[in-house]
Amino acid sequence: MSGTIKVLNVAEKPSVAKSVSGILSRNQALRVRDGRSRYNRIFEFNYSIRGQPCHMLFTSVTGHLMELEFEDRFRKWHSCDPLDLYHAPDKLDIKRTLEEEARRCQWLVLWLDCDREGENIAFEVINVCRAVNRHLTIRRARFSALIDRGSAELCCSGTSFFLKVLCSTYVSDSYSDMCMGDMILLTHEIDLRIGASFTRFQTMLLRDKFVIDSATDDRNLVLSYGPCQFATLGFVVERYWEVQSHEPEEFWTINCSHRSDEGVATFNWMRGHLFDYTCAVIVYEMCVQEPTATVTKVQHKEKLKYPPYPLNTIELEKRASRYFRMSSEHTMKVAEELYQAGFISYPRTETDCFSSRTDLHAIVQEQQGHPDWGSYAQRLLDPETGLWRNPGSGGHDDKAHPPIHPTKFSTGEHGWSQDHRTLYELVVRHFLACVSQPAVGAETTVEIDIAGELFSASGRRNYLDVYRYESWGGSMIPTYTVGQQFAPASLTLDTGVTRPPPLLSEADLLSCMDKAGIGTDATMHDHIKKLLDRFYATKDSNTRFSPTNLARLNKVKLLEAMAVFFERSNRAVGGDNYAAGEVVRQCDLCQESSMVLKKNRDGNFMVGCSGFPQCRNAIWLPGSILEAAVTSNICSSCNPGPVYLIQFKFRQIEIPPGFNANHLGCIGGCDDTLRQLIEICGTGSRMSARGRGPTTTSSNGQRSSNRHNGCVHCQQTGHSSNDCPSQFSRSRNSQSHTHSENGDPSVSCSTCGMPCVLRTANTANNRGRKFYSCPSQECNFFIWEDGVSNGNGGRSIPSTNCSASNSGRRGGRGQSGRNRSHAADTTFVSATGDPVSNRCYVCGDPSHFANVCPNRGM
DNA sequence: GCAAGGTC
């Protein structure tokens with residue numbers, strides 16, 4: 001190399017051109033002149049690369065150089081058929097600047113963001129420059145942050161030209177392949193053609209034919225379509241449907257409290273809750289009969305709450321929405337203004353990890369004088385406090401920008417709104433939290449045993465000094481020792497109902513979009529705002545979104561309309577990664593696709609038709625399943641076959657006593673155990689057919705589109721499983737006792753009908769007491785002998801005796817409880833909060849408990 | 001008046 005060569009440097013934005021020019025020139029003899037665009041100035045300075053004198057010209061673009069637009073004759077909405085848009089540039093000022101400068105340069109160095117769009121813009125710049133100078137040597141810079149470290153160097157090595165800048169920037173040796181650039185260009189073009197044509201088409205078609213209730217004049221209403229806005233709306237609609245279709249399901253739980261001199265502890269039932277009232281009552285009565293609590297476990301543990309990862313755009317938007325209810329669009333507007341004024345770093349970044357070259361201490365040092373968090377910053381920098389911790393990494397790096405952090409100290413500027421102050425404070429506090437040790441808490445967990453049932457309570461202490469947006473709940477609990485016994489202050493059977501998930505909040509929506517790759521960090525808030533602007537969705541004061549009637553209330557109609565022109569596919573719905581699964585059997589409804597085992601979005605298992613959504617046949621499995629896998633074993637009784645058996649593993653704590661956590665089950669209808677668990681535990685899905693098309697419940701919780709309210713026992717319609725007549729008779733038959741020929745009472749198992757065996761109890765409270773039980777360990781049926789002698793029926797804890805549970809529920813909730821002698825200070829109350837009596841909750845008879853009531857099966 | 005992606 002000889003003589004001075006001219007290097008044209010082009011950045012994606014003016015701020016980068018200015019920063020890099022300042023760093024490389026050391027701000028010595030740096031000249032600035034205007035380009036043809038008023039925003040994109042040109043910096044000039046002399047530089048030397050390994051002894052090669054260079055004259056550097058540093059200018060910029062502002063994002064894409066080329067604006068994809070239709071020709072004039074296609075721009076007017078009525079000038080052409082929307083279909084014509086499938087068959088049809090630019091920021092001229094910047095383009096002319098580049099052309100003029102490129103003509104007199106030998107090298108072209110591209111300082112564009114290192115993402116797909118940056119790649120695309122790079123090719124736009126290359127095309128413009130090469131068109132006027134075919135001999136340009138072209139290279140692309142890669143850099144992570146523009147922070148001046150006092151020295152900078154541009155290098156070249158051998159024949160491979162590369163550029164290295166020692167200032168927290170790194171420059172690679174080449175730019176990427178053309179395919180990427182072409183792909184981006186193609187995406188833009190498809191987005192424009194489809195978006196514009198479909199928006200015009202449906203707006204002109206529908207706007208004047210319907211009275212559309214919106215906040216704008218119908219004539220100005222735009223029914224837009226775009227791949228990002230439509231997908232974003234899809235999330236809102238999906239959740240809305242989920243909420244609408246939720247059917248509350250009643251459940252029961254047992255709660256226990258204990259009062260001591262040190263305070264009150266609330267113990268939660270470790271089973272969580274049961275959906276079967278009878279089972280809950282029986283277990284509750286067991287506890288009431290022997291209410292003395294024994295402490296079985298006391299565990300003290302140190303708990304750590306780690307600070308958040310460094311802040312990227314999506315987290316900034318989500319946290320501003322959660323903490324301040326600030327819309328993502330407004331957050332980005334305020335953040336942009338703070339960035340433009342130099343107070344925070346570039347706000348559009350995916351990066352949530354700091355480069356090792358970033359001087360984090362220097363950023364903290366700047367904040368030491370702040371009246372609110374300055375003292376915390378000082379403590380951070382004091383090695384004796386041990387408060388400093390290098391920040392964690394969230395695992396994302398866009399190679400273009402650092403995480404969002406403060407770049408200039410401020411106690412609040414004149415002209416800042418409250419939102420500017422709030423957002424700046426969030427950025428600073430978040431940064432300080434990132435470089436802090438985790439919060440430490442001491443947690444104590446106490447487990448107690450009442451009549452074999454386990455309950456637990458926990459308490460916690462902690463501190464979170466600087467990040468005041470988050471708390472770490474926890475309460476104090478009294479001191480306990482293992483083996484200690486006490487009488488509960490209260491032991492209650494409480495009821496509750498399952499609730500639908502909440503509508504999507506803005507933070508939820510951002511998470512959905514992020515997960516599905518909808519939009520970019522710079523545009524996601526725009527898509528959300530567009531839904532509101534176009535009246536597709538509304539946002540309530542709690543930042544939760546609902547679709548309006550404009551948002552495709554009837555998806556089925558749209559599908560039907562499309563089906564006129566297109567053949568239905570068997571592909572899973574977009575973004576449904578849960579669709580893949582193992583084949584269990586042929587779908588007996590559509591008889592075309594397979595029923596496959598899969599997990600739904602909540603992590604619960606189901607067996608559904610692979611032809612979804614055309615075929616909605618589904619079997620909802622118990623929510624207590626931990627693992628499930630299809631085996632190669634085929635059920636010998638279910639037809640049409642083959643029906644492959646599934647190996648289930650249940651969460652022991654969520655299933656009744658006596659059920660095995662490991663179960664090889666069949667979904668073909670022959671599996672009583674599975675059916676019982678569905679009845680007792682409920683299914684993983686809380687969804688109902690309402691609002692989702694004609695899907696209803698049938699055998700084994702199966703939902704199909706051609707059956708209505710089928711009973712799980714008799715498969716008949718017209719009554720629910722809980723009111724099945726077959727179960728009434730079955731209950732009466734199985735639970736009544738008979739006398740054998742020799743006069744001794746004989747008892748049959750309520751589940752399998754086998755004659756029971758007479759045994760003797762060996763528990764602390766019933767030692768020596770006789771009882772009948774089923775010889776099959778799977779049934780768990782038992783009845784006290786004295787109960788039989790008195791003419792009372794038996795019980796089976798995992799019984800699916802729905803009629804009994806219903807009659808019991810209606811007839812006597814709040815009337816159970818007996819044998820208070822164990823705990824004179826204990827208060828027994830019903831689910832309704834009423835004091836309980838010594839009466840059977842089924843018939844009201846004070847002489848016995850409901851579990852041995854002769855009327856249970858009636 | 002239309003998309004999505006940059007940016008100011």
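Naming convention: chains lettered A, B, ... in sequence-line order (proteins, then strands); numbering from 1 in each chain.
In this model, the phosphate group of B/dC2 is not approached by any side-chain N or O of A/K530 to a distance below 4.0 Å at OP1 or OP2. Side-chain N/O atoms of A/R193 include none lying less than 4.0 angstrom from OP1 or OP2 on B/dA4. Contact annotation: A/T523 reaches the phosphate of B/dG5 (side-chain N/O to OP1 or OP2, under 4.0 Å). Residue A/S224 places no side-chain N or O under 4.0 Å from the OP1 or OP2 atom of B/dG1. Distances shorter than 4.0 Å separate some side-chain N or O of A/R534 from OP1 or OP2 on B/dC2. Taking side-chain N and O atoms only, A/R348 has a distance below 4.0 Å to OP1 or OP2 of B/dC8. Within the 4.0 Å cut-off from OP1 or OP2 of B/dA4, not a single side-chain nitrogen or oxygen of A/H64 is found.
Checked against the 6.0 Å centroid threshold, A/F43 and A/F58 do not count as a close aromatic pair.
Taking the nucleotide of DNA chain B with the nearest heavy atom to each of A/G195 and A/I121, the more 5' of the two is matched to A/G195. Along DNA chain B, the nucleotide closest to A/T199 and the one closest to A/M524 are compared, and the more 5′ of them pairs with A/T199.
Summarising the geometry, the separation between NZ on A/K95 and P on B/dT7 is reported as 22 Å, rounded to the nearest angstrom. Here B/dT7 presents its P atom at 11 Å from NE2 of A/H525, a figure rounded to the nearest Å. Nucleotide B/dG5 holds its C1' atom 13 Å from the CD atom of A/E350, rounded to whole Å. Atoms CE (A/M204) and C1' (B/dC2) sit 10 Å apart, rounded to a whole Å. With rounding to whole Å, A/L192 atom CG is found 13 Å from B/dG5 atom P. The separation between A/E336 atom CD and B/dT7 atom C1' is 8 Å, rounded to whole Å. Put simply, CZ on A/F201 is 17 Å from C1' on B/dG1, counting in whole angstrom units. When rounded to the nearest whole Å, the span between NZ of A/K529 and P of B/dG5 equals 16 Å.
The side chain of A/Y346 lies closest to B/dC8, out of B/dA3, B/dC2, B/dC8. The nucleotide whose nearest atom lies closest to any side-chain atom of A/H527 is, among B/dG6, B/dA4, B/dC8, B/dA4. Looking at the side chain of A/T520, the nearest of the listed nucleotides B/dG5, B/dA3, B/dC8 is B/dG5. Comparing atom distances between the A/R200 side chain and each of B/dG6, B/dC8, B/dC2 picks out B/dC2 as nearest.
Note on residues 404-418 of chain A: no pairs pass salt bridge (Lys or Arg N to Asp or Glu O under 4.0 Å), not counting sequence neighbours.
For A/Y346, the ring pair (Phe, Tyr, Trp, His ring centres under 6.0 Å) criterion is met by A/Y339, A/H401, not counting sequence neighbours.
The number of heavy-atom neighbours closer than 6.0 Å to CZ of A/R33, taken from other residues, nucleotides and ligands shown, is above 12. The number of heavy atoms from other shown groups lying within 6.0 Å of OH (A/Y309) does not exceed 12. In the displayed structure, A/F409 atom CZ is contacted under 6.0 Å by more than 12 heavy atoms of other residues, nucleotides or ligands.
Stacking of A/Y225 onto the six-membered ring of B/dA3 is not present when judged by under 5.5 angstrom between centres and under 30° between planes.
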